[in-house]
Structure formats: structure tokens, C-alpha cells
K.L.:
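Pasting in a structure now, in C-alpha cells, and then I'll have a few things to ask.
Every chain is numbered from 1 and lettered A, B, ... according to where its sequence line falls, protein lines coming before strand lines.
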Amino acid sequence: MAAVSQLQRQFIEYTTSLYNEGYLDDQFTQLQKLQDESNPEFVVEVVSLFFEDSEKLLNNLATALQQKIVDYKQVDSHVHQFKGSSSSIGAQRVTNVCVHFRNYCEEKNLDGCLRCLQQVKHEYILVRNKLETLFRLEQQIVQAGGSIPMME
Amino acid sequence: MSFIHLIGFGLKVGHLLLMLCYSFLTVISLNSFINDSQMKPNKSRKNWMKFLEIFSGNTSKIHDCCEYIGSEKNRKLWWRRLVILWIALGTILSLWSFWYLRSQALEKRKEILANMCDERARMLQDQFNVSMNHVQAMSILISIFHHGKNPSAIDQDTFAKYTERTAFERPLTSGVAYAVRVLDSEREQFEKRQGWTIKKMTSVNKDKYNPEELEPSPIQPEYAPVIFAQDTVAHVISLDMLTGKEDRENVLRARALGTGVLTAPLDLIKSNRLGVILTFAVYKRDLPSNATPKERIEATDGYLGGVFDIESLVEKLLQQLSSKQTIYVNVFDTTNISNPISMYGTDALDTSLQHVSPLNFGDPSRKHEMRCRFKQKQPWQILAISTSFGIFVITLLVGQIFHATVNRIAKVEDDFHEMSVLKKRAEDADVVKSEFLATVSHEIRTPMNGVLGMLDMLMDTVLDVTQQDYVRTAQASGKALVTLINAVLDQAKIESGKLELEAVGFDLREILDDVLSLFSGKSQEKGIELAVYISAKVPETLIGDPGRFRQIITNLMGNSIKFTEKGHIFVTVHLLEEVMESIDVETEPSSKDTLSGLPVADRNRSWERFRPACKIAGPSEFITLIVSVEDTGVGIPLDAQPRIFTPFMQVGPSIYRLHGGTGIGLSISKCLVNLMNGEIGFDSVLQIGSTFTFTAVFSNPNEQQINGQSKPKSMPEFCNMQAVVVDPRSVRADVSRYHIQRLGMHVDIVSSLTNMLSMLTNGSQTVHVILIEEEVWDRDLSNSAVFLYKLRNLDHKISPQLFLLTNAISGSRQNNTIYSPNVITKPLRVSMLAASLQRAMGSNKNHARNGEIPKLSLSKLLVGRKILVVDDNNVNLRVAAGALKKYGAEVVCADNGRKAISLLTPPHLFDACFMDIQMPEVDGFEATKRIRKIEHDINNDIQHGDFLLQDYANISNWHVPILAMTADVIQATHEQCLRSGMDGYVSKPFEANQLYQEVSRFFL
């Protein structure tokens, strides 16, 4: 049991740090609240959907920005998608970079867009790693027979 | 005089030129300004070209210059050239005028000179002629008295005496003498008779002149010795005239011609003065006028000569004339043209101007002339100088004005450009400000939503009383902050004039119902009665800005709710004409007859101060509504009343502490009312209450528009049903009646349960619904019980449904031991009323718990509802679906607009739809528009019987509620949502309260 409680503490600390460092926001909490017995895998499901979507979008963005004539409308709609989905799971830092990204799109600033693409990639990988770690921790807790503590 | 005239004329011309210049420049500059402001440089260029063409006809040059004219610098250069040209022109003009005036003056001077000269010449000639005639007369005298008589009747003495005394007759002669013709043969005899020898004439010095010393004349064929002479010339006696060169010639010519002849001017003997000798021949007999010279010579007896001392004589003559000083007179003998002999006058300095008058002294072979010159040189031409100088000065002035004007124009243009740059900058700044405000408000709203959401959640956890209080306070503050941000945004928009009112058709009653819903919670908490009454004369649909109208009402009602602790808040909407008519009829309204029975401020006084023009009924296409919000609150202190509409102004700091708020609401409301061409006013009595009244002008939609979006309000299931309201207070009963009538029911009002009962017993009418005021019911519960008992025992086919109308959700109701009828909690709204009635009618046993509905959680509202969620973003879709499922809804997902349209084409089973706005291909607005069109078509077809009602689940009026999901909650989006047929919007991600507010409008 000591192991479980230690894992739980670790989980709480880790989650708190994620909130404090701004990787996640309130929306993620909301997401967790939506998960219940009837839908036990909701968060993981949504988040992996987010990962899938994001990778596709990042690829699309990279391709779109490599074109000779950049279709900023296209880029903007990708970024909009990305912004929507990231804000839906509460990946706050990704969302913020998306906001800047869209501004550059509006200005048709290729340099800015490329810089933002790098940033958004970076942030995405960061948050993906963090979330994967979080889920691993969750799994460990569940495997150890403990319950996942709710963040309030 | 002419001088002044000329100056005047010059000034006038100058003035005219000036005016011309000004007007021209003004027109040009105006045009160029207008054009500049319109950003059409081509047109202004054209004007410049025209202008230049007027001034210089050189079109080819203009083509060159118009290439550059666009630039400021070149334009200035051209102006400078023009000014220089102008000044050059002016200088030329002034020089010309100088020359012209000078020549004019010269001409006149010449004329004067000619006149004077001619006058002198004529006089001289006349006098000479007179003298000559006299001399001739004397020659006749001699011929008769000397030669005709023998012995002669004349001797030297007689002659001298006679001539002396008749000298006045010959004003020009200084003396006359008579020489007789003596042939050489007669010389000796003659000399003997006379006693002297004939002497030769030699010119000697005047002083040494001595006739004795003169040599005798040499021997010649004939002699002409002087025998008689006037005393003045007595020295010439005995001189032979034929020996003097001039005299000889004269004598010979005179006797040959028979007329008087003149010598050239010669120095007179002795006197040595310049003189002319006039000689007449004296003949022996009268000769015919056509006698030949030979005959004349033969007949010659002697010669009479007169000496004209021209110099002194002319002098004498001129003495008689005035203005002798002004001119010099010279008299010349010009017989020899190349060498004229001056007879009179000094060789004065040669002033250029001279006039020559010919003189005729009766000797055709001699020519004389008079030359006159002015003594003074021509005086300075003051007139010409001053005129030309004046013209020059005027030119310079005009040039200066021109220059100044051009500079001014250039300066104004520069200023204008500078201003427009500044203006643009200011506008940019304004845009940036607006953007900044929008962004900031959005950026603040987002974290605030987080805070509020967390607080929401925190409320759900187990908290002790203090903690709960803290959380509640925090939440209230957060909400106030969000409201404030919205208000500030509005104020900023209004201030920048960016706020424009929409003109869309809307249902006023629906809006007021919405507002009532918004405040129902609060009013129920406080136990205040909230009611809306809209006059039946107000049309169903109006055209205006529903959002802004709602905002005004919300502001006013919000204030009222804030400051009212007991009593009521009553919103009335009338047509302005209606109120105007009733005011004449209406006597003092009884202060007791109000919604809650508490006294209120006088509504009429709140709009007393409105413009009279506003009170006049307008044309039918515009509808002026008068809306009053009456409360029984604390009232506004008198000293605070004047500044009630000033932004950020509140009655006092204590008020703020008590009630919060920013004090911006009324100011915004006033602005909005003004935008709607209305006015706002109020009347307030401390501790009694306030009544705010405003007018607003809307357009009346024409018939077509009404048909186009007709929404049958009355529900078919309630049509023709009979309802009775039991309420002793007529105002309140009217409100109830108004709402029930909107359902399509017939309404009667009775004042008490007893009356009700008697009506039921006696009347043949079937009563379906009885609505009883709580107040009536509670007054005497035993009486109520009796009523209930009797009601049940009445034999009716349909037993009437009983409803209690109550203000607050009172816990006591449930605890009542006696049978309690269904409860409808005020404020009354159509949707809520209909729902309550439906529920009650559906099943008698199902006790509708209207009072509890607002407290139902979202899950109760949403449970079992079939909801379509449309979003192209998978993650968003999943999250939204998850959230709605959490509340028990049955969720169907669609990931694009097309699917949504096909899913929502009737018949379908969806209760609502949540739709993302920004989607590729078919976005949320477009999808909604299409769905609404499909619904509209199907509804029409069903109405016309083209489709069977059964095929459409027996629903004749399809209208699925569609709510937009959007991350950017801004006003524009909201308005666009409504315009495209959406019913509302929720922010994404979902926020429980907002979701509830929106959803409750459809599912209550």
C-alpha cells in the first residue's frame, strides 16, 4: 500500500506541476470530470485522438508552409483546428502558440509562421510526453490496485 | 477730376481682378481638397491643367508640365512663375499707361502751343496788313498831293508832321520815307532843286553816322533819292535807295509788281537795328490791275518805303497778349529755306517742342514764319507717373495676394495632408484600441471563465459555511468583472461611434420573456413579483435591434432588481399613441392598484420631460414604443437624480458597497435609447420606488415580411380553451390575462373564489383552467379547501385544472397538509406557462413542480434528449459529446455541415443541435441557414396539405433549436448567429451555467 500511496502522491505532484507550469489548464480537469464508470477510458481516448489529429495537422502544416506559394488560408484553418483541439483537451501552451501562429498567418508572415510551427511542434511534443507520463503513472496506480486521485 | 476718376477706375479694376483671383483660387483649392479627400489625384490634376490652360494657351507646354504637376514642388514652381509673369505684365501695363498719358499730355501741349502761336501770328499779320494798307494809302496820298499837284502840296515838313500824327495807324512801322524816281538826266536839276546831292548808301556805324560824310552816289541810269521822311528816319533823306543792295532790289520789285514788297531783314541805317523795309511804288497814273511790269516801270514816279522794326514791334505786340511769358516767339524770314534769317527772338535753348505758323505779309516772294516754343520744359507728368505707379503697386499687391493665397493654400494643403495623416493615425489607433479592448476583454474572459468554472466546481465540494460564503463572493465578483468588461467594451464602442444598430425582425414578447427568465431566479429568491405586460396593439414583429433593446431592458431591470427588496418590478410596453390617448382620459391612477399593491412612482411623470415632437404619433411605417420599468425599490435621492445617466456615476459609495455594479449601465442604456431615436426619463420617490420610461422607434414590417417569417404563437392545443383568473387586483390580473391569451386561450377575470364558484355553477361555459393568485388562496385556507371540495363535486365533463400563481418558491407550499393545486411560479412566460399547462393536462396525477424546475440540474434538462453535435474537429467533437453525455443526453456526432443538414432534415428525432461555426466547406451559419430553409419549406407544404402530417411525426411546425458553439464570444458572432437562424450560442468549452441558460429556453 505504501507503494500505491507513494505513486498517488507522485501522481498528484506531477499533475500539479503540469498545471503550475501551464501545460494543462482547467479544461483538462473538466475532461477528467467527464470520465466516469460508464466511460472509463474517456480521457485517454480523447487525448490519443488529440495526438493522432495533431500529428496529422503538424504534417499538413509543415507541407503547407513548404509550398512555393503558401496558402495562408489553408494554414490558418489547420492552425484553427489545432487550436480548437488543444483547447478542448486543455493543452494550454499549445493553444497559446496557436494564437500567435494565427496572427502571423493573418499577416502572411512566413518567417513567423515557420517559427511558430517549430514552437508548436516543440510544445506539442512536450505536452505529449507529459501526458504520456501521466497516463503511465495512472496505469501504474491502477495496476497497483489504487484509485486515481481526483484533482480538484 | 480725371485723375481721381482714373485712380478710382484703377482701384475698381484691381478689386475686380482680386475678386476674380480669390474666387478662382477658392474654387480650385476647394476642388483639390475635395478631390484629395476622395483620393482622386487625377481629377485634381485635371483642374490644375484647366487652370493652366486658361493662363497660357500653350497646350504643348501643358502636356509637358502636367507630367510634373502632380508633385507639390512643381506646383509651387508654377505658381511662382505665374506670379512673376503677372508682375511682368503689370509692369508693362504701368509703363504703357505712363507712355500713353504722357503722349496725351504732349499732344495737348502741342495743341496749346499751336493755338497760341497761330494767334500771335494772326495778330502780327493783321497789324502788319493794317500798317501796309496805310503805307499804301500814303503812297496814294503822295501820288495825288505831291505828283498830282504842281507845285507840290507836300514838303518835308508836311510829310514829317503828317506821318508823325498818323503813326498810330501803322503800329508796326518805325518810320516811312518817300524816294522819288530821278533819271540820270534829271539828276543835276534835281540836286539843284533840292539843294543836296544824291548820296550813296553805305552802312556805317550808328554812332558815327553822318549824312554829310556820305559820298555822292555814283552815276547810274536812274536814282531814287529819299525826299520825304518821317522824323524817326529823317537821316535817310538824300540817300539813293538804289544804291543799297536790299533797297534796290526792293524798289525794282515793287515798281514791277505794283504791290508792296518786303526786303529781307536788314540792319537799318543809323539805328543798326534789324528791320524790314516795305516798299510801295507810286505811279503817275492809275494803272489797271493787269498792267505789265514794263508799263508799271514806266509809270513809276517814286517809292514809298516803310521801315518795320520787327524786333521792337513784335515785342510791343506781344506785350498786349497775356501769357507772354509762357512761350518764346521767333520770327524768321524763310525765303531762303536753307538759311532762314531770324527777325525776332532769341536763340533760346532748344526745347524739342515747337510750333511753326506761317506768316503772310502780303509779299508772295517773301516767306515768313513764326516759331513758338514753350519757355519752360514740360513739367513732370504727375498724373502719368502716379497712375502708372498706382498700377504697378496694384499689380504688386495682387501679386502679393496671389502669392500669399498660394502659400496659404499650400499651407492649408500641407496641413490637410498632415491632418489626414494624423486622422489616419488616430483612426488606426482607434482600431487598435478597439482591437485591444476586444482582445483584452477576450483574454480576461478566458481566464475568468476558468476561475468561475473552478469556483463552480468548488461549490460542489463539501465546504463549511464560511468557505461557501467566500466562494460565493468570489464567484459574484468574477461575474461582476465579466459584466463590467462587457459594459466597458460596449461603452468604448458607443464612444467611438462604432456601435451600429441592426435592423432585423424580432418578436418583442419573446425577448421580454427571455429577460424575465434571466431575472426569474433572482426575483424568486428575493420574493419580488416580476411581470411583463405588452399591449395588444404592439405588433408581433418589429424591425430593430433586438440585442440592444434587450440590453436596455436588462440594464433597467437589473438595476430595479438590485435596489428592490420587496414588492414588484413591472415592465409595460405600449404604443406611444396609446399612452397619449389614455393620458387624457385617465384620471389620477389609484396608488393602490399596482402589481404588488405597494405604492409606486408616477409613471407619467417619468416621461413628462420628453420632447413634444416625440409624443406626436409618427407615420405608420415607424412604431414608437414606450416602455416603463416600475419598481418598488429604494428610489433615487433627489441630489443624485441629475447625474444618473452619467457614466460611472452612482448614487453614493455606500450603494456600491451594498449592491455592486459599475454605474455604466444607465449611461449605455441612454446611448442606446438615443440610437433608437428615443428618450429615456425617470421618476423616483425615495423609499417608494422608481419608474424608468424610455421610448424607442422601430420600423413596422410590412405584410410580406410578416408572412415571410410567420410564427404562430398561439399553440394549437390551447386554442379556444377557457381560462379564468381569480385575482382581485386588476393590474396583476391583466398581466396574467396577457400571458394566457398569448397561448390562444380565452380569459375571464373574477375577483374572488366565491365569484368563481358561482360562475362555474351558473355559466354554461366550460372552464378548462383556473388560475388562482396565491394571495387569494392563502387568505383563507379553509375557504380554499371548501372551494376545492365544491369544484370536485361539480359535474363537468372536463374538470377544470387548478393552478396557483406564486411569486417565490416557498417551502411551506409542499408542507401544506391540504391538497395543493399545481403551482406556477412567476414571472409568467409563455414557454413556461405552456409547459406547466401541458404537463398538468397530460396527467392529472403528475404534479407539476414548476417551482423546482430552475433548480433542476442540467442533467435533468438534458436527460433523454437526443442531441446532434456538429464539429469538424474530432477532439472537440468528442469532448462536447462527452460533456453532453455526462448530463444524460443521447448524443449523435457529425463532423461536417453537410451531414448535419441531412440529419436535421425533417422528420428527425433530434431535440437540439450544437453546431461549430468554423467548419470547412459548409460552416455553421450556412448549415443553419439551409436547415431553416428546409424546415420552412416543409412547414409551408404541410400547411398547404402537400405533405401528410403523419409523415412528419405529427409535427406541423418544425424548428429544431440550433446553438452555436464558439470559442470567441463576441457580440458580432452572437448577432450573426441570430441572423443565420440560430437560437443562441454556447462558449466552447462548455460552461455549465451558460449551457443551462441557453438550453433551458428550449427544454423548460
K.L.:
Taking everything shown except B:Lys866 itself, do over 12 heavy atoms lie less than 6.0 Å from its NZ?
P.N.:
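Result for NZ/B:Lys866: enclosed.
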
K.L.:
Would you say A:Glu52 and B:Asn874 make side-chain contact, with heavy atoms under 4.5 Å?
P.N.:
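The answer is no, as the side chains (C-beta and beyond) never meet within the 4.5 Å cut-off.
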
K.L.:
So for A:Phe50, is it side chain, backbone, both, or neither that comes closer than 4.5 Å to the heavy atoms of chain B?
P.N.:
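For A:Phe50, the contact with chain B is made by backbone and side chain together.
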
K.L.:
Write down the atom of A:Gly84, the atom of B:Asn873, and the distance for their closest heavy-atom approach.
P.N.:
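Minimum heavy-atom separation between A:Gly84 and B:Asn873: C-ND2, 3.7 Å.
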
K.L.:
By a 4.5 Å heavy-atom criterion (distance strictly below it), what part of B:Asp871 contacts chain A: side chain, backbone, both, or neither?
P.N.:
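No part of B:Asp871 comes within 4.5 Å of chain A.
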
K.L.:
Might you confirm whether atom OH of A:Tyr14 has over 12 heavy atoms from other residues, nucleotides or ligands at distances under 6.0 Å?
P.N.:
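Enclosed.
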
K.L.:
In Å, rounded to the nearest 0.5 Å, how long is the span from OG of A:Ser85 to CG of B:Leu877?
P.N.:
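Interatomic distance, A:Ser85 OG to B:Leu877 CG, rounded to 0.5 Å: 12.0 Å.
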
K.L.:
With only heavy atoms counted, which part of A:Leu49 is less than 4.5 Å from chain B, the side chain, the backbone, both or neither?
P.N.:
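Both backbone and side chain.
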
